[in-house]
Structure formats: C-alpha cells, structure tokens
Amino acid sequence: MRTYKLALPAMISAACLALSANTMAETWKMAIGDAAGGTQYELGERFAEEFKKRTDGKIDVNLFPNGQLGSEQDTLNNASMGMLDLSILAINNITPFSPTVGVLTLPYVIQDAEEAKLLTQGDVGKELTENTIRDAGVRIVGWAYSGCRRLTNSVRPVSSPEDLEGMVIRVPKNEIMIASYQAWDINPNPMAWSETFTALQQGVVHGQDNPYVTIDAMKFYEVQKYITNSCYVFSLEPLVIGEGKFQSLSPEMQATVLEAGQAATDHSYDYLIDQEEVIKKRLVEEHGMTITEPANNESEWIAKASTIWPKFYKSIGGKDKLDNVLKVLGREPA
Ligand code: MLT
C-alpha cells in the first residue's frame, strides 16, 4: 500500500507532463491536389518527415491528399489568406494568380527533368518565387518534378492533332494551356483538377493530359485507355507556404522550412528518375493502357503550339524572360 501512495503522485505528474508536451506539439495542414502515390505526395511526405526531424518533433504536418481541402486554385487562395499552412499544386494552377510563372508552362519549352531542375533551382526559380510572393501571397519552398504531360483519352489512339477531332479534352483553367489546344484546333473544356476524374468517368470529357506518375496515382487507367507519348509541358508542382505564415516564423524556423523543402525537392527529383519508366510500364502491362508515339517526332504539335508564345510575352513579363529561359537551356532566342 505504501508503495502505491508514493508512486501515484509521480504517475500523475508524469501523465500531466506527457499531456502538456502533446498539447504543445503544433500541427500544420498541407493540401495536396493529387491522390496519394504520386510525386506530389512524395514531396509532401518527405517534407513532413524532414520538418518533424528538424524541429525535434515539435511540428507535425498533416497531409490531405486528393483535393480534400478543395481545388488546387482554392488551396492557393486559402494559403495566401492564412487559412491553410501549406499546399502542393501544379504550377499551371498558380499561373492565373502569378502570370510570370507562365514562362514555365509555355508549350515545348522545358523538355525533361534535368532542364526543369536547372530552371527551378537557379536564378529563374528565385525570381519566380519572389514574383509569386508579390502576386499570389505564397512562397515556393519546394518543387515536385512530375514529368512531361501526356495526353490521354478514352476514344482512340492519337498521334496527330487531327486524331482528336470530335473529342472534348479537359484542360486546367490556364490561358496558356487553353490556347495550346486551340492552336491544335481542339475545343478545350477548362475544369478544376478536383473534378476531372468524375468528368472522365461520366464521359463529360473524353481526355486530359498529365504525366505518367499522375495518371497512375489518380487511377486514370480506370477511365482512360489511350496515352499519347507527348511532351508539350513539363509538369512542375510547387510546395507553397502562405507568405503571412512564413513571415510569422522566427528566422531559424524559416530556415528550417527552406531546408526541409530542399531535402524534399531533391527526393522528388530522384523519385521521378527512378520511377517514371517503371510506372509507364505498369500502365501498359498491368492496367492495359495503349501508348502511341506522336507522328513525325511530334513536329506538327510543336509547330502549331509554339505559335502561341508571342500572345503571352506580356503576361510572363516580356519576351526577354522567355529568351533568358531558353538561354539557360542552351537554346536560341524565340
Ligand atoms: C492539373 O491538370 O490541373 C494539374 O496539373 C494536376 C495536378 O496537380 O497533378
């Protein structure tokens, strides 16, 4: 009995300490547009791990994949207004709020992961991050590299733009992408990402475009049969934090966010290099999709889509911005 009397107060105070440590732990929310299993989720999960480790377990990041917290464009707004801590979304869904990032979604500019890394992790990426803080109220602290956007549809194999005749193709609510489809003489249907699977399933639209990893993560193979091995835009998917939230952090904590973001970015790049071909194979062999090569090395697609570049010089901040990107990539000016 005597033992119990001594042990009980100690047990109670230990329980109180544990409880207060728990209540002190902070939780941040991260919205993720894609379902778990793709490059967005890999980036988010790695960020959460690195951040927890670097804050000695004081901050947990809870992930909400598959558009649970709203469409990608909504989550950007929410982060900007301080109603959400973090969001991972495709860059094409940032462009309407911060038009200069459109230079990275002009058709046939970025052609592979190495080019994407060179741009996002160099001076171009720094400048676009500053512009996005100014224009959209969010700071880019990490990048997911998801691969080229490939056209999928449920109707027939497509190798030339004419093969799309009669089909309705979902596109993001992004002027550059809408104009690209119009250049191919296709009537695009601009639609939020969070509504796309259902629209494909119900036949409201016949096709869409996104990278192999995204087609797989979103289980589009359940509602799409044909893939065109196109590469009209390289899909970049930034991790953003509301700028108000970022500025409310101590300098040390700001540095920790950026370090965790860089570690997650490095992981995302390695993940794409390791997994893209594996996933492409799985889409064919396990999920029965058919991949068609674009006719004549995609030349007709490229020639038509590239005609839209001048229309967007003003919104990206001038032709010089595109020429600078092309120079970094070792190409001739536009
Ligand atoms: C879109 O098509 O709206 C996005 O690129 C999809 C995504 O975030 O993966």
Side-chain angles (χ1 to χ4, degrees), residues 30-45 63-79 84 86-98 101-102 104-107 110 113 116 120 138 140 142-153 168-181 186 188-201 204-221 223-224 227-228 230-240 268 271-272 275-276 279 283:
M30 180 193 285
I32 297 182
D34 293 353
T39 38
Q40 288 194 0
Y41 198 83
E42 284 289 326
L43 180 78
E45 203 176 35
L63 275 53
F64 294 87
N66 216 6
Q68 286 175 64
L69 299 185
S71 75
E72 292 193 349
Q73 294 189 359
D74 287 345
T75 64
L76 182 97
N77 270 326
N78 290 343
L84 173 68
L86 299 155
S87 173
I88 301 179
L89 70 166
I91 195 149
N92 46 271
N93 289 325
I94 298 186
T95 320
F97 305 95
S98 187
V101 300
L104 301 183
T105 57
L106 284 174
I110 304 178
T120 51
V138 295
I140 298 171
W143 296 90
Y145 301 99
S146 298
C148 286
R149 294 180 75 104
R150 324 283 175 179
L151 183 67
T152 68
N153 81 86
V168 182
I169 305 295
R170 174 271 170 179
V171 291
K173 294 180 182 173
N174 172 303
E175 293 302 327
I176 295 175
M177 291 161 136
I178 294 169
S180 300
Y181 276 87
I186 303 304
N189 185 341
M191 183 182 286
W193 180 230
S194 48
E195 292 162 18
T196 305
F197 185 93
T198 310
L200 291 167
Q201 189 174 42
V204 175
V205 291
H206 303 103
Q208 63 86 47
D209 65 76
N210 260 291
Y212 289 122
V213 287
T214 313
I215 296 167
D216 184 59
M218 299 301 292
K219 297 191 169 51
F220 279 179
Y221 46 79
V223 289
Q224 298 278 270
I227 305 180
T228 306
S230 49
C231 187
Y232 98 105
V233 168
F234 187 95
S235 186
L236 289 162
E237 320 215 65
L239 163 61
V240 300
S268 165
Y271 176 85
L272 181 70
Q275 290 300 310
E276 192 176 30
I279 290 171
L283 289 171

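Counting starts at 1 for both ligands and their atoms, in listed order. None of the values given here were measured: they were computed from a predicted structure.
When each atom of ligand 1 is checked for a heavy atom of Q40 under 4.0 Å away, the hits are 7 (C), 8 (O), 9 (O). Close approach of ligand 1 to A90 is summarised as follows: ligand atoms under 4.0 Å from at least one heavy atom of the residue are 4 (C), 5 (O), 7 (C), 8 (O). Taking every non-hydrogen atom of P172 and a distance limit under 4.0 Å, the qualifying atoms of ligand 1 come out as 1 (C), 2 (O), 3 (O). The E72 neighbourhood of ligand 1 comprises atoms 7 (C), 8 (O), with distances under 4.0 Å to a heavy atom of that residue.
The proximity of L89 to ligand 1, defined as any non-hydrogen pair under 4.0 Å, does not occur for either the backbone or the side chain. Residue N92 touches ligand 1 through its side chain alone, judged by heavy-atom distances below 4.0 Å. Residue contacts with ligand 1, taken as heavy atom pairs separated by less than 4.0 Å, do not involve Q73 at all. Of the heavy atoms in E237, only side-chain atoms (C-beta onward) come closer than 4.0 Å to ligand 1.
When only non-hydrogen protein atoms are considered, atom 5 (O) of ligand 1 lies nearest to R149 NH1, 2.7 Å. Distance from atom 9 (O) of ligand 1 to its nearest protein heavy atom, with residue and atom name: D34 OD1, 2.7 Å. Scanning the protein heavy atoms around atom 3 (O) of ligand 1, the nearest turns out to be R170 NH2, 2.9 Å.
Rounding to the nearest 0.5 Å gives a distance of 12.5 Å between OG1 of T75 and CZ of F64. Here CG of N174 is found 11.0 Å from CD1 of I94. Values are rounded to the nearest 0.5 Å. Remark: W193 CH2 to N92 CG distance equals 9.5 Å, nearest 0.5 Å. Separating the CD atom in E175 from the OG1 atom in T95 is a distance of 10.5 Å, to the nearest 0.5 Å. Atoms CD1 and CD, from I91 and E72 in turn, are 11.5 Å apart once rounded to the nearest 0.5 Å. Atom CH2 in W143 sits 6.0 Å away from atom CG in L236 (nearest 0.5 Å).
Ion pairing between R150 and E276 holds under the 4.0 Å rule for side-chain N and carboxylate O.
Considering both main-chain and side-chain atoms, T214 never comes within under 3.5 Å of ligand 1 through any nitrogen or oxygen pair. Where the criterion is an N or O separation shorter than 3.5 Å, residue side chain and backbone included, D209 fails it with respect to ligand 1. Backbone and side-chain nitrogen or oxygen atoms of S235 are examined, and none is located within less than 3.5 angstrom of a nitrogen or oxygen of ligand 1.
Side chains of L283 and F220 form no contact here, defined as non-hydrogen atoms less than 4.5 Å apart.
With 3.5 Å as the limit, one finds a donor-acceptor pair spanning the side chains of Q208 and T152.
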